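For reference, the structure is listed below as structure tokens.
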Amino acid sequence: MSIIQFPKDMKWGTATASYQIEGATKEDGRGQTIWDTFSKTPGNVLNGDNGDVACNSYHRYEEDVQIMKELGIDVYRFSVAWSRIFPEGNGEVNQKGLDYYHRLIDELLANGIEPMCTLYHWDLPQALQDKGGWNNRETIDAFVNYAETMFKEFSGKINYWLTLNEPWCISFLSNYIGVHAPGNQDLQLATQISHHLLLAHGETVKKFRDLNIKGEIGFAPNTTWLEPFSNQQEDIDACKREVAWYVEWFMDPVFKGEYPSFMVDWFKKKGVELVIEDGDMEAINQPIDFLGINYYTGHVARYKENEGLLDWEMVEMNYDRTDIGWPIFPQGFYNVLTHITESYGKVPIYITENGSCYNDEPENGRVKDDGRINYLQQHLTALSGAIKSGVNVKGYLTWSLMDNFEWAEGYSKRFGIVHVNYRTLERTKKDSYYWFKQTIENNWFEN
Ligand SMILES: CCOCCOc1ccc(-c2cn(C[C@@H]3NC[C@@H](O)[C@H]3O)nn2)cc1
């Protein structure tokens, strides 16, 4: 057994997102979003699930904050539903929407918990999607206007801001692979959307600086790691392409002001012509205060000609897998974090999402989720190793505080350290909740 310790100023927390937990989708002036539309289109979401009720956190946030207070966390990451603030995406502000987030944030602050606000976590107002959504550059202006409204309203209460959650999911998963809203399957469209998302991020950071807002701002790319099956250059290059699709494609423009040329060339071979206007790359290349990193899984891979978009295939290594089927690959967590530090320097990093799907149910009031505890132990051990090797990690927020709407998987996949009974909405703290609570209290755990 060994003791895994963390820096004394390490911040611990949990993360959620508006569409996944709030419910109340037709209350207090909230406008429809692309996930309301997508989830109610038959076939898009398992079991026809949608976010109309979810965890009903819109009304149960006080109970949820008490659960967080007992957990002993320092920071809670949530997202704001843009369509609660601007039901049509822009125009007249909805005061009842602002009022809800004041209630939530005041409850957090009153209980000594720091709010970390994600401005965009996938729930685009449908009215903007009807005008082209993220493919329309006017959506960038609407986003900056929404962000400016939030900055001015909550400056002084919120000190940690994230512009975008997982731009790879927003662009490629949702507009090329097509399994998330709005469900397009067009590589040119998805790639152009990725550029507009980066522009929205950069213009928002500029606005944050121009307004002299107190606090820190960043964004939260999702990451993965592919380990080459051999030291053959074709295997190494294939893995590099997939990691770059998530990491370099979004981080090079922000940190270096340019796209990774080997990926631009690869997309060109696939017929993609990215439209970049004068000044775009300068607008994206804004210094950020911290990076949110989301990591779930990785695997071993090798080159395979004409396989998928990037010519690679997974190598089956009898991985242990979670209940959503993702390989448990903690070495990928260490590798992607050290890779990011080697590429972009010691930018402060918060792990804004890391967690696992285990569908254990309560028995006699207890949820015995050993799989999730094991996942946390393995990934926090990898994180501790990354910190020791120089990665500038400031905090770790597990995904998620509670079971919630897992997008196309609906409510069938449970990521929470707190169980939610979707019929009664009763919350039940899982064994992993108590394990995480003890780890936070100690700032170490025994592996
Ligand atoms: C047919 C091919 O299908 C490919 C599916 O490909 C993916 C990839 C990635 C994901 C994914 C899901 N999550 C968890 C969320 N992160 C944000 C938060 O809202 C969590 O709910 N991260 N990545 C899903 C599906």
Side-chain angles (χ1 to χ4, degrees), residues 13-22 33-35 38-39 43-46 49 51 54-55 57 76-81 116 118-124 162-181 183-185 187 190 219-226 242-243 245-247 249-250 292-299 301 307-310 312-314 321-327 329 332-333 336 350-359 372 375 379 397-417 420:
T14 58
T16 64
S18 44
Y19 190 78
Q20 296 181 270
I21 69 163
E22 287 179 356
T33 74
I34 58 174
W35 267 97
F38 188 77
S39 61
N44 284 341
V45 178
L46 206 55
D49 290 342
C55 308
S57 290
Y76 173 55
R77 177 182 176 229
F78 63 96
S79 79
V80 168
M116 178 183 280
T118 306
L119 287 165
Y120 187 72
H121 199 127
W122 307 359
D123 40 2
L124 184 73
L162 291 159
T163 54
L164 304 172
N165 182 70
E166 299 186 346
W168 181 88
C169 285
I170 304 168
S171 50
F172 294 106
L173 184 62
S174 305
N175 292 282
Y176 169 57
I177 297 173
V179 295
H180 280 191
N184 298 309
Q185 293 184 312
L187 184 60
F219 76 130
N222 47 314
T223 66
T224 188
W225 188 259
L226 270 58
E242 178 71 4
V243 172
W245 196 20
Y246 286 66
V247 175
W249 186 260
F250 296 98
I293 292 294
N294 297 354
Y295 177 86
Y296 289 93
T297 185
H299 51 79
E307 181 71 21
L309 177 66
L310 299 175
W312 63 266
E313 66 176 352
M314 180 192 279
R321 294 170 185 266
T322 65
D323 286 351
I324 198 170
W326 298 350
F329 203 69
F333 195 22
V336 77
Y350 285 85
I351 306 303
T352 38
E353 286 181 34
N354 176 248
S356 56
C357 171
Y358 286 95
N359 298 325
R372 181 170 288 103
Y375 179 99
H379 286 76
L397 287 65
T398 193
W399 183 272
S400 178
L401 168 68
M402 67 184 95
D403 297 335
N404 59 56
F405 177 81
E406 180 49 38
W407 308 112
E409 302 286 347
Y411 298 103
S412 69
K413 301 296 183 293
R414 295 176 177 273
F415 278 82
I417 58 174
V420 176

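When a ligand or atom number is given, it counts from 1 through the structure's own listing order. Please read these numbers as outputs of a predicted model, since none were measured by experiment. These numbers come from the heavy atoms of this one structure, side chains and all, not from hydrogens, waters or symmetry mates.
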Note to self: For H379 and F333, take the angle between the two ring planes, folded into 0 to 90°, and tell me which bin it lands in: parallel under 30, tilted 30 to 60, perpendicular over 60.
What the structure shows: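 The rings of H379 and F333 sit tilted, inter-plane angle from 30° to 60°.
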Could you pull out all residues at least two apart from [X] that satisfy side-chain hydrogen bond (donor to acceptor under 3.5 Å, both in side chains)?
X: Y19; result: S39
X: T223; result: none
X: R372; result: D369

Item checked: Criterion side chain to side chain contact (heavy atoms under 4.5 Å, CB included) against E353, the qualifying member of N222, T398, N165, L397 ->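 The side chain to side chain contact (heavy atoms under 4.5 Å, CB included) with E353 is passed solely by N165 among N222, T398, N165, L397.
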Checklist line | Sub-6.0 Å ring centroid separation between H121 and W35 | finding: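 Ring-ring flag for H121/W35: false, centres at least 6.0 Å apart.
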Taking a 3.5 Å cut-off between nitrogen or oxygen atoms, can you list every pair linking ligand 1 to the protein, with distances?
{"from": "ligand 1", "atom 1": "16 (N)", "to": "E166", "atom 2": "OE1", "distance (Å)": "3.1"}
{"from": "ligand 1", "atom 1": "16 (N)", "to": "E166", "atom 2": "OE2", "distance (Å)": "3.1"}
{"from": "ligand 1", "atom 1": "16 (N)", "to": "E353", "atom 2": "OE1", "distance (Å)": "2.8"}
{"from": "ligand 1", "atom 1": "19 (O)", "to": "Q20", "atom 2": "OE1", "distance (Å)": "2.6"}
{"from": "ligand 1", "atom 1": "19 (O)", "to": "Q20", "atom 2": "NE2", "distance (Å)": "3.4"}
{"from": "ligand 1", "atom 1": "19 (O)", "to": "H121", "atom 2": "NE2", "distance (Å)": "2.8"}
{"from": "ligand 1", "atom 1": "19 (O)", "to": "W407", "atom 2": "NE1", "distance (Å)": "2.8"}
{"from": "ligand 1", "atom 1": "21 (O)", "to": "Q20", "atom 2": "NE2", "distance (Å)": "3.0"}
{"from": "ligand 1", "atom 1": "21 (O)", "to": "E406", "atom 2": "OE1", "distance (Å)": "2.7"}
{"from": "ligand 1", "atom 1": "21 (O)", "to": "E406", "atom 2": "OE2", "distance (Å)": "3.4"}
{"from": "ligand 1", "atom 1": "21 (O)", "to": "W407", "atom 2": "NE1", "distance (Å)": "3.1"}

